[in-house]
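Atoms considered below: every heavy atom in the structure, side chains included; atoms not considered: hydrogens, waters and symmetry mates. For ligands, and for the atoms within them, numbers begin at 1 and follow the listed sequence.
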Amino acid sequence: MSIQISPSILSADFARLEAEVASIAEVADWVHVDVMDNHFVPNLTLGLPIVESLHKVSALPLDCHLMIENPDRWAPAYVEAGAASVTFHAEAAYAPVRIARSLRSLGARAGVAFNPATAIEPYADLLPEIDMILLMTIEPGFGGQPFLDVVLPKIARARQLLNDRDSAVWLQVDGGVSPSTIERAAEAGADVFVAGSAVFNADDPAAAVSHLRAAAQAAAVRD
Ligand code: DX5
Ligand code: ZN
C-alpha cells in the first residue's frame, strides 16, 4: 500500500493560490480542492473558474472534492476544467454509477465520499466502478475541525472490504488529519491523506507534508 498526501488548499491563502500550491509541489502527490456550494454544506468556496486557473499553474494533479448538491449535473465539468480526480458525495448523488462512468470516460479518476454517518456497505458491489473511497473524518464544511475517532471502525471495515475483494481502490481520509491523528488513520487502513490546516497553517508547509508522510508510512508498516 503506498501512502499519498493530498494537501487541501481550503486552509491556504486564496489570494496567493499559485504560490501556496508551489510551496508543496515537490513533496505532495496531489492538491486537494474543496468545492462547496453553501447547500450541501454550510460554506461557499470556489468552483470551475478557479479549478481551471489552478490547473494552468499547478505542477501537481488536482484532486477535486465536490461538496455540492447535484453532482450528477456538475461533476464532469470539473474534469474538463482540469481535475485528474473528482470525488462526489454518496449523499448527494442520484446516479453514482452514471457519474463515475462519465468521469472515467473523460479520463479522470472517480471517487465517492461518505460523511461520518453514511454507511459504505451499500456501495460494496459498486467498487469496480470507482477508483477511490473518501471517508470524512469530520462533518464536511470547514477546515480546522478535530478528527472524529468514531470513524476509525469504518476505515477498518472499508480496508477489509477492499482487501477481501482484492480491490485496488484507494481509501482516502479527510478532516482533522494531523501529526497526532494520521497514525490512527493509517493503522486503520487509509492510504491517501488529505490535510488542510496541518499543512497550510504550518510555518513550513513542505516540511509538514513530509512529516505527515513519514508518520503514515511508519504506522502502515507497523500495522
Ligand atoms: C472539509 C474539507 C477538508 C478540509 C480539511 O469539508 O473537505 O478537505 O479542508 O481541513 P483540515 O485538514 O484542517 O481538517
Ligand atoms: Zn475535502
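By the 4.0 Å heavy-atom criterion, Gly141 is counted among the residues contacting ligand 1. Using a 4.0 Å heavy-atom cutoff, Phe147 is absent from the residues neighbouring ligand 1. Using a 4.0 Å heavy-atom cutoff, Met36 is listed among the residues neighbouring ligand 1.
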Between Arg104 and Asp131, does the side chain to side chain contact (heavy atoms under 4.5 Å, CB included) criterion hold? Intermediate values first, please. CA-CA 9 Å; Arg104 284 175 151 187; Asp131 300 294; 2.9 Å; yes

I would like to know whether Leu212 and Phe193 meet side chain to side chain contact (heavy atoms under 4.5 Å, CB included); could you show each step before the answer? CA-CA 9 Å; Leu212 287 168; Phe193 300 85; over 6 Å; no

Evaluation steps, side chain to side chain donor-acceptor pair (under 3.5 Å), between Asn201 and Ser11: CA-CA 7 Å; Asn201 291 352; Ser11 293; 4.7 Å; no

Pair His89-Met136, side chain to side chain contact (heavy atoms under 4.5 Å, CB included): steps then yes or no: CA-CA 10 Å; His89 268 261; Met136 293 304 302; 3.9 Å; yes

Stepwise side chain to side chain contact (heavy atoms under 4.5 Å, CB included) check, Val57 with Val21: CA-CA 9 Å; Val57 298; Val21 169; over 6 Å; no

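By the 4.0 Å N-to-carboxylate-O rule, Arg165 lies close enough to Asp125 to be salt-bridged with it. A salt bridge links Asp149 with Arg184: the distance from a Lys NZ or Arg NE/NH1/NH2 to an Asp or Glu carboxylate oxygen falls below 4.0 Å. Salt-bridge formation is detected for the pair Asp191/Arg159: a Lys NZ or Arg NE/NH1/NH2 atom is positioned less than 4.0 Å from an Asp or Glu carboxylate oxygen.
Contact detail for Ile99 and Ala75: the closest heavy-atom pair is CG2-CB, 3.8 Å. A pairwise comparison of heavy atoms in Gln4 and Asp29 identifies CA-OD2, 3.2 Å as the closest pair. Scanning both residues, Leu60 and Ile24, for their nearest heavy atoms gives CD1-CD1, 3.7 Å.
Among protein heavy atoms, atom 13 (O) of ligand 1 sits closest to Ser197 OG, 2.5 Å. For atom 9 (O) of ligand 1, the closest non-hydrogen atom of the protein is Ser8 OG, 2.9 Å. Nearest protein heavy-atom contact of atom 14 (O) of ligand 1 is Gly176 N, 2.8 Å. Nearest protein neighbour of atom 12 (O) of ligand 1, counting heavy atoms only, is Gly196 N, 2.7 Å. Here the protein heavy atom with the shortest distance to atom 5 (C) of ligand 1 is Asp174 OD1, 3.5 Å. Atom 10 (O) of ligand 1 has as its closest protein heavy atom Gly143 CA, 3.5 Å.
Per-residue contacts place Met67 under 4.0 angstrom from the following atoms of ligand 1 (heavy atoms of the residue considered): 6 (O), 7 (O). Using a 4.0 Å cut-off to heavy atoms of Val194, the atoms of ligand 1 that qualify are 8 (O). Ligand-side atoms of ligand 1 in range of His32: 8 (O), range being under 4.0 angstrom from any heavy atom. Close contacts of ligand 1 with Ile138, meaning ligand atoms under 4.0 Å from a residue heavy atom, involve 1 (C). Against a heavy-atom cut-off of under 4.0 Å, Gly175 is close to the following atoms of ligand 1: 14 (O). Listed by number with element, the atoms of ligand 1 under 4.0 Å from a non-hydrogen atom of Asp34 are 2 (C), 3 (C), 4 (C), 7 (O), 8 (O), 9 (O). Counting the atoms of ligand 1 from 1 in the order shown, those under 4.0 Å from a heavy atom of Ala195 are 12 (O). Listed by atom number, the atoms of ligand 1 under 4.0 Å from Leu10 heavy atoms are 4 (C), 9 (O).
For ligand 1, the polar-atom distance check against His65 finds a nitrogen or oxygen pair separated by under 3.5 Å. Residue-to-ligand polar distances keep Gln145 apart from ligand 1: every N/O pair is separated by 3.5 Å or more.
Side-chain atoms of Asp34 and Ser8 form a donor-acceptor pair, as typed in the model, at a separation below 3.5 Å.
The atom of Asp174 nearest to the Zn ion (ligand 2) is OD2, with the search restricted to N, O or S atoms. Looking only at N/O/S atoms, His32 comes nearest to the Zn ion (ligand 2) through NE2. Counting just the N/O/S atoms of His65, the one with the shortest distance to the Zn ion (ligand 2) is named ND1. Nearest N/O/S atom of Asp34 relative to the Zn ion (ligand 2): this is OD1.
At distances below 3.5 Å, at least one donor-acceptor pair connects side-chain atoms of Asp37 with backbone N or O atoms of His39.
Ring planes of Phe114 and Tyr123: perpendicular class, angle over 60° (limits at 30 and 60°).
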